[in-house]
Amino acid sequence: MKKAVSALDVPPRSVPSVYPEPFKSRMNNRVKRQLGNAFGITKFGVNLTELKPGGESALLHKHTKQEEFIYVVSGRPTLVLEREELELAPGMCAGFTPHGSAHQLVNRTNESVWYLEVGDREAGDEGVYPNDDLVAKMESGVWVFTHKDGRPY
């Protein structure tokens, strides 16, 4: 088991997105390095994520059980919430609790944004996407996606 590594030596996630199309391709300007996995951490996830210009962290979403935290390392992402947007800067952080505001980061600049994201891996979590015809359910450690009417993707 690794004791310490350079975060940039952790290879990018092999599957850039688990979203089904047409949403998956929206994540093409996002690169995640699963830092926690490099140490065998299973109760929560820690990712160093790069958003290239035009990139999105995720679709606008909220969780029913999972808590999330982000810390901006470099760049100036826009934090998009359901009713407002905030420009973030290096050193700023934000946290999201279950049933709170839907959220996402977008990079509207010409430079890459780097941030750390931390989230628990609560069983039975669901993802709600207010702007998209998508529902996510965590089943046996895997996200299962359906349309809002229940039809599978």
Side-chain angles (χ1 to χ4, degrees), residues 1-82 84-129 132 134 136-145:
M1 189 61 58
K2 296 178 182 179
K3 294 183 181 177
V5 300
S6 169
L8 293 178
D9 287 341
V10 174
R13 188 165 77 174
S14 61
V15 177
S17 173
V18 295
Y19 289 136
E21 286 296 359
F23 311 108
K24 183 177 195 165
S25 57
R26 288 177 52 185
M27 301 301 117
N28 286 343
N29 288 332
R30 178 189 78 183
V31 179
K32 288 186 178 227
R33 297 172 190 276
Q34 295 176 294
L35 304 183
N37 289 9
F39 300 96
I41 293 172
T42 60
K43 294 181 182 177
F44 60 94
V46 182
N47 300 314
L48 176 62
T49 303
E50 176 188 12
L51 290 184
K52 296 175 183 179
E56 302 175 65
S57 62
L59 302 176
L60 184 71
H61 72 287
K62 57 185 166 183
H63 292 272
T64 59
K65 294 188 176 185
Q66 182 178 345
E67 296 181 333
E68 294 178 282
F69 174 87
I70 58 113
Y71 175 83
V72 179
V73 176
S74 67
R76 294 191 167 273
T78 300
L79 174 59
V80 178
L81 302 169
E82 289 177 272
E84 66 180 313
E85 295 186 1
L86 305 165
E87 184 179 303
L88 303 182
M92 294 182 77
C93 56
F96 311 99
T97 58
H99 303 291
S101 178
H103 52 276
Q104 75 176 148
L105 290 177
V106 295
N107 183 359
R108 295 179 179 149
T109 73
N110 293 322
E111 297 180 6
S112 284
V113 166
W114 290 83
Y115 66 95
L116 281 172
E117 61 183 359
V118 179
D120 65 63
R121 294 175 170 167
E122 182 91 19
D125 188 26
E126 294 185 18
V128 178
Y129 301 85
D132 296 292
L134 189 68
K137 293 184 180 180
M138 178 64 73
E139 296 179 2
S140 302
V142 176
W143 285 109
V144 176
F145 295 96

> Within the side chain of Asn107, is there an N or O that forms a donor-acceptor pair under 3.5 Å with the backbone of Thr109?
Replying inline: yes

>> Taking Leu51's backbone N and O only, do any of them form a donor-acceptor pair with Asn29's side chain (distance below 3.5 Å, no angle check)?
In response: no

>> Test salt bridge (Lys or Arg N to Asp or Glu O under 4.0 Å) on Glu85 and Arg108; report intermediate values, then the result.
In response: CA-CA 12 Å; Glu85 295 186 1; Arg108 295 179 179 149; 2.6 Å; yes

> Would you call the rings of Phe96 and His103 parallel, tilted or perpendicular, where under 30° means parallel and over 60° means perpendicular?
Replying inline: parallel

>> Which heavy atom of Leu86 sits nearest to which heavy atom of Glu84, and what is that distance?
In response: CD2-OE1, 3.7 Å

>> Using modelled atom types and a 3.5 Å cut-off, is there a donor and acceptor pairing between side-chain atoms of Arg30 and backbone atoms of Glu50?
In response: no

> Does any N or O in the side chain of Asp125 come within less than 3.5 Å of the main-chain N or O of Thr64, such that one atom is a donor and the other an acceptor?
Replying inline: yes

>> Between Gln34 and Asn47, does the side chain to side chain donor-acceptor pair (under 3.5 Å) criterion hold? Intermediate values first, please.
In response: CA-CA 5 Å; Gln34 295 176 294; Asn47 300 314; 4.5 Å; no

> Given the rule in the side chain to side chain donor-acceptor pair (under 3.5 Å) test, do Gln104 and Glu56 qualify, once you have shown the distances and angles that lead to the verdict?
Replying inline: CA-CA 7 Å; Gln104 75 176 148; Glu56 302 175 65; 3.2 Å; yes

> Taking NZ, NE, NH1 and NH2 as the nitrogens, is one of them in Glu82 or Lys62 under 4.0 Å from a carboxylate oxygen of the other?
Replying inline: yes

>> For Leu59, is there any backbone N or O sitting under 3.5 Å from a side-chain donor or acceptor partner on Tyr19?
In response: yes

> Closest heavy-atom contact between Tyr129 and Leu134?
Replying inline: CD1-O, 3.4 Å

